[in-house]
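Letters go in sequence order (proteins before strands), and every chain restarts at 1.
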2 protein chains.
Amino acid sequence: MPLAELAACPVGDVFRRLGDKWSMLLVILLGTRPHRYNDLHRSIEGISQRMLTRTLRALEADGLVRRTVFPTVPPSVEYSLTPLGRSLLAPLSALADWAVEHEQDIAAARTATA
Amino acid sequence: MPLAELAACPVGDVFRRLGDKWSMLLVILLGTRPHRYNDLHRSIEGISQRMLTRTLRALEADGLVRRTVFPTVPPSVEYSLTPLGRSLLAPLSALADWAVEHEQDIAAARTATA
DNA sequence: CTGAATCCATCGGGATACTG
DNA sequence: CAGTATCCCGATGGATTCAG
């Protein structure tokens, strides 16, 4: 795999897209099961309504998340991963596993520097 | 793999750390071979001295990058990946491969939305 | 319940100039 | 060569309020 060539390419875009505060968290969470709006709002703990909506809309525009409205009373909206979004779960999990394996290494480096 | 539990954990930290504009680019670039300062500055095309230095320092504090100073005249500084940094290349490549495979999917979703 | 709208603080990040 | 020091701007993101 030509890493040097990949660097300038879409890899950076993907990281910038998912590198914001909540995107990757939402993808992982929606990877477990579909969620409703307030369901997500309660699950995430700390996200504002504004950022939840904005992040969901961005992921929807990227084709990673599907938004399904059920015309009930009161209205109910379900968010789920698209096939593209689900295909992202595998490489995302690889990085998640790395993070878990090495979190104390990073913490150690930080305290050593501090 | 317990995805739901991982979500709240260090995964977010990793993404935020590498999600800035240049970090992941530097890791991939340093994964190919060690580089000197101006070497990186020329290779990256668009990065300012300020951000190059700041990003390198941050990666160094995270224990991902090693900075080696050779006391020559004029001074020469080499940046390379630590073992921890190299261990990150594998999951990073997985995500890079995903980005390359699906870049047209994302582009298609974007134009469909726009 | 599912948002939209507005206001405002913080921060990332670029341009430029200067230094050992 | 390898940085540091300032200045400055736009984007990110939180709090709050309003609405269908």
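Under a cut-off of 6.0 angstrom, the local environment of CD in A/Gln104 is crowded, with over 12 non-hydrogen atoms contributed by other residues, nucleotides or ligands.
Residue B/Arg36 places at least one side-chain N or O closer than 4.0 Å to OP1 or OP2 of D/dA2. In this structure, A/Arg50 does not reach the D/dC18 phosphate: none of its side-chain N or O atoms is under 4.0 Å from OP1 or OP2. Remark: A/Arg54 is not in phosphate contact with C/dA4, judged by side-chain N or O atoms under 4.0 Å from OP1 or OP2.
The distance from the CZ atom of B/Arg67 to the CD atom of B/Glu60 is 6.0 Å, given to the nearest 0.5 Å. To the nearest 0.5 angstrom, A/Leu59 atom CG is 12.5 Å from A/Arg54 atom CZ.
Across the interface with DNA chain D, nearest-nucleotide mapping of A/Gly19 and B/Asn38 shows B/Asn38 to be the residue nearer the 5′ end. Of the two residues near DNA chain C, B/Ile47 and A/Thr53, the one whose nearest nucleotide lies more 5' is A/Thr53.
What separates CE of B/Met51 from P of D/dG3 is a distance of 15 Å, to the nearest Å. Following rounding to the nearest Å, B/Arg42 (CZ) and D/dG3 (C1') show an atom-to-atom distance of 15 Å.
Remark: B/Arg67, B/Pro74, B/Pro75, B/Ser76, B/Val77, B/Tyr79 in residues 65-80 of chain B come within less than 4.0 Å of DNA chain D through at least one heavy atom.
Of the listed residues (A/Leu64, A/Leu18, A/Ile44), just one forms a side chain to side chain contact (heavy atoms under 4.5 Å, CB included) with A/Leu26, and that residue is A/Ile44.
For A/Tyr37, counting side-chain heavy atoms from C-beta on, the closest listed nucleotide (D/dG13, C/dG3, C/dG13) is C/dG3.
Electrostatic pairing of B/Arg33 and B/Asp39 counts as a salt bridge here, judged by a charged N lying under 4.0 Å from a carboxylate O.
Residue side chain B/Gln49 does not reach the base of D/dA2 through any donor-acceptor N/O pair under 3.5 Å, judged by distance alone.
With 3.5 Å as the limit, one finds a donor-acceptor pair spanning the side chains of A/Tyr37 and A/Thr53.
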